[in-house]
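For the numbers below, each heavy atom of this structure counts, side chains included, while hydrogens, waters and symmetry mates do not.
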Amino acid sequence: MSKPKYYITTAIAYTSGKPHIGNTYEAVLADAIARYKRQQGYDVFFQTGTDEHGQKIELKAEEAGVTPKEFVDNVSGQIKSIWDLMNTSYDKFIRTTDEDHEKQVQKIFKKMYAKGDIYKGEYEGMYCTPCESFFTESQLVDGKCPDCGRPCVPAKEEAYFFKMSKYADRLIEHIKTHPEFIQPESRKNEMMNNFLLPGLQDLCVSRTSFKWGIPVDFDPKHVVYVWLDALTNYITGIGYDCDGDNSELFNKMWPADLHLIGKDIIRFHTIYWPIFLMSLDLPLPKQVFGHPWLLQGDGKMSKSKGNVIYADELVDFFGVDAVRYFVLHEMPFDNDGVITWELMVERMNSELANTLGNLVNRTISMSNKYFGGVVENKGVTEPVDDDLKSFILSVPAKVDAKMEKLRVADAITEVFTIFKRCNKYIDETMPWALAKDESKQDRLATVLYNLVEGICIGTTLLGSFMPDTTKRILGQLNASERTLEDLKTFGLYPSGNKVTDKPEILFARMDIKEVMEKVNELHPPKEEPKEEKPEEKVVDIEAKPEITFDDFAKLQFQVGEVIACEAVKKSKKLLCSQVKIGSQVRQIVSGIKAYYTPEEMVGKKVMVVTNLKPAKLAGILSEGMILCAEDADGNVCVVSPEKNMPAGSEIC
């Protein structure tokens, strides 16, 4: 039987500069999924690469005194070297300056034009150079780009446009009938409520104000707009041909099973890209997953903030697999993760050095000390063994369930329960005590066999996430990597095998003080100019009657996450938010329309009174109250928790 196929892609990295660890996370995440699918028996094709055209590149090249091609050759090389450093097992690294890609983009543009989906017009609006996107005044947030928050400039030029509205209804129907298409769920709600349902505007798909792009061959003063160029890499990279002469790889692999992208470009992949595919009469990808961001401890990484962390620097400190473990394990499914040097050291010491490294080391050391390294199953069992085996054999199915839902962090947590259970088993059986009793030698041998076998099973599951560590552990145990099917059986380690007589330290414990001293040498803290703070305003309000503690205890406050928001029609004051609180979603109407747009509210963590009796406002049921602060001038601010607390957390 032929293997089932699985085609996974990352977003192609923009060649404006060296990628930080947040950018690198996506490639590592895709690699973990691709490796796991291969373990499951899929014929996997994993594509990544670089996005190399656009006005921003043209400007950066000019600043650097090189040609745009020289500039992108250098940066693309940096990106590829970091992906390789992180041991990502991609099958194709595409560049949008590849000749075959550029030719297909020209043919795609011409086909869409001939079909009537693209027409020539004139664009006038606000343009964000970093995002290479036009916006209407109403789409701007405080006069700035709604995607990146940077200033936009007025722009007017002749351009070609794509008729987005032609396919909008068809896309809406597809999203409704394919609930798995956009993940997580909150991203789907955002796309539907903020973009599709209000109505799509035609999309600008060419530019004339710069030259660094793929020329429209029948109108060479135009270059293809970056998103039509960039998004089509997912089909050109596997051999799509506009004339129908597709490669065998394309015919086999398309549609993509998973587009893995950052949450900030979800709109382009779930609205523009599907509509482009509809225009080409191609099936849509099966799933688009908009992963959250990996943030520095003090917010989103940016060079201007001086808080950027790079993958190669982390690898110099911790090693490749430790960095892979951290970024995969610390990223929640649908909330932003946080990376700090301190947290890296803590995870290195507690989970990698102690839980895993120490387990492997002392198991091998005991095998050498008591039996000359020979591991034999003598079959002298006790009830504690059955409990160990039962637990370990239950884990592969749990890992599989988590990976099926792309909950990679949770899957790694499940794998580490095996190592934690093995450590507990050592405490339960006390091999050092058995070793003192000559009559318990066969029992001691069985205990050590069970430990080695448990480690082998856990290590096989670890292979998708920490491939080098897996090889190192199995090498020391003189064991082979198993298939996932093999993990249904406990006892496949060959009895009589001999482990290494020189166990190596997998992960060395680190001193946080020493690490931070080295970090500060690499990145000296920036001294911020001291500013005299103006005296902060205060607000005095009329005091209400005192209440008892029992009165206060009747109120229930929880953290909520706004997953969708829209203006209440015929109301100048009200917004209607869908707020996730624990596993429930509540509808809450708030009089904050003058202070927040619906787009600003989506994704906010808010404080909610959750046990108010439901009431109707402007005819709409409201099931709670979002807490706000108001100053003496009547300005209103939504109250949010200082730290990133899970939705549903009690405020007490």
Side-chain angles (χ1 to χ4, degrees), residues 6 8-14 18-39 44-50 76 78-94 258-265 289-296 301 308-341 343-344 347-348 351-352 356 399 402-403 405-413 415-416 461-472 507:
Y6 191 83
I8 179 173
T9 73
T10 67
I12 48 178
Y14 198 46
K18 181 179 176 179
H20 58 61
I21 188 63
N23 307 134
T24 308
Y25 159 71
E26 184 176 299
V28 175
L29 177 63
D31 178 67
I33 296 168
R35 286 177 182 273
Y36 189 77
K37 285 294 180 182
R38 292 189 192 107
Q39 276 192 302
V44 172
F45 195 85
F46 168 20
Q47 179 168 299
T48 187
T50 45
S76 181
Q78 278 188 323
I79 293 169
K80 188 174 185 295
S81 69
I82 290 176
W83 278 205
D84 292 340
L85 172 68
M86 295 309 301
N87 202 3
T88 59
S89 58
Y90 56 83
D91 298 287
K92 168 85 178 219
F93 189 96
I94 189 172
L258 178 63
H259 287 322
L260 190 67
I261 59 164
K263 64 179 182 178
D264 51 329
I265 53 173
F289 178 74
H291 65 75
W293 286 331
L294 185 61
L295 305 178
Q296 241 285 30
M301 291 182 211
V308 176
I309 297 177
Y310 295 106
D312 50 354
E313 288 182 353
L314 289 171
V315 168
D316 286 342
F317 277 82
F318 304 103
V320 172
D321 271 11
V323 178
R324 285 177 62 103
Y325 171 81
F326 186 90
V327 298
L328 293 171
H329 183 260
E330 294 303 310
M331 182 66 85
F333 178 68
D334 53 5
N335 291 315
D336 294 334
V338 175
I339 182 169
T340 65
W341 292 96
L343 195 52
M344 278 285 302
R347 291 287 185 267
M348 183 78 165
E351 291 164 27
L352 297 181
L356 176 57
V399 172
K402 300 298 185 187
M403 291 299 290
K405 295 179 179 178
L406 304 180
R407 292 184 173 271
V408 176
D410 296 335
I412 297 176
T413 297
V415 175
F416 267 70
L461 285 171
L462 198 64
S464 301
F465 317 112
M466 302 172 70
D468 280 347
T469 300
T470 291
K471 289 177 184 176
R472 290 170 67 196
F507 301 99

Leu406 and His291: side-chain contact (heavy atoms from CB on, under 4.5 Å), yes or no, with the steps?
-> CA-CA 10 Å; Leu406 304 180; His291 65 75; over 6 Å; no
Tell me, do [X] and [Y] make a side-chain contact under 4.5 Å, heavy atoms counted?
X: Phe317; Y: Trp341; answer: yes
X: Leu343; Y: Phe326; answer: yes
X: Arg38; Y: Ser89; answer: yes
X: Met86; Y: Val315; answer: yes
X: Leu294; Y: His20; answer: no
X: Leu352; Y: Met466; answer: yes
X: Leu258; Y: Tyr6; answer: yes
X: Tyr90; Y: Asp84; answer: yes

Determine, step by step, whether Met403 and Val408 satisfy the side-chain contact (heavy atoms from CB on, under 4.5 Å) criterion, reporting the C-alpha distance in whole Å, the side-chain angles of both residues, the deciding distance to 0.1 Å, and the verdict.
-> CA-CA 6 Å; Met403 291 299 290; Val408 176; 4.0 Å; yes
Interatomic spacing from [atom1] in [X] to [atom2] in [Y] - rounded to 0.5 Å:
X: Arg35; Y: Asn87; atom1: CZ; atom2: CG; answer: 4.5 Å
X: Leu260; Y: Leu29; atom1: CG; atom2: CG; answer: 4.5 Å
X: Ile21; Y: Asp312; atom1: CD1; atom2: CG; answer: 9.0 Å
X: Ile309; Y: Thr24; atom1: CD1; atom2: OG1; answer: 11.5 Å
X: Lys80; Y: Leu85; atom1: NZ; atom2: CG; answer: 12.5 Å
X: Phe416; Y: Leu461; atom1: CZ; atom2: CG; answer: 11.5 Å

Measure the acute angle between the ring planes of His329 and Tyr325, then classify it against the limits of 30° and 60° as parallel, tilted or perpendicular.
->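 The rings of His329 and Tyr325 lie parallel, inter-plane angle below 30°.
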Work out which heavy atom in [X] is nearest to a heavy atom in [Y]; give both atom names and the distance.
X: Thr10; Y: Ala27; value: CG2-CA, 4.2 Å
X: Val399; Y: Ala411; value: CG2-O, 3.8 Å
X: Ala11; Y: Thr48; value: O-OG1, 4.4 Å
X: Ile82; Y: Ala311; value: CG2-CB, 4.0 Å
X: Pro332; Y: Pro292; value: O-CG, 3.4 Å
X: Ser464; Y: Gln39; value: OG-OE1, 2.9 Å

Do any pairs count as a salt bridge (Lys or Arg N to Asp or Glu O under 4.0 Å) and have a residue in residues 313-326, sequence neighbours left out, and if so which ones?
->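 Sorted pair list: Asp31-Arg324.
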Which residues share a side chain to side chain donor-acceptor pair (under 3.5 Å) with Thr50, sequence neighbours left out |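 Applying side chain to side chain donor-acceptor pair (under 3.5 Å) to Thr50 gives Glu52, Ser76.
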Using a 3.5 Å distance criterion without hydrogens, assess whether the side chain of [X] forms a donor-acceptor pair with backbone atoms of [Y].
X: Glu26; Y: Gly262; result: yes
X: Asp91; Y: Phe46; result: yes
X: Thr88; Y: Trp83; result: yes

Around Lys92, counting heavy atoms of other residues, nucleotides and ligands shown, do more than 12 lie under 6.0 Å from its NZ?
->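 Check passes, neighbour count above 12.
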Thr469/Leu356 under side-chain contact (heavy atoms from CB on, under 4.5 Å): CA gap, chis, key distance, verdict | CA-CA 10 Å; Thr469 300; Leu356 176 57; 4.2 Å; yes
Donor-acceptor pair between Tyr310 and Asn23 side chains, under 3.5 angstrom =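 No.
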With sequence neighbours excluded, what pairs up with Glu330 under the salt bridge (Lys or Arg N to Asp or Glu O under 4.0 Å) test?
->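 Salt bridge (Lys or Arg N to Asp or Glu O under 4.0 Å) list for Glu330, sorted by chain: Arg347.
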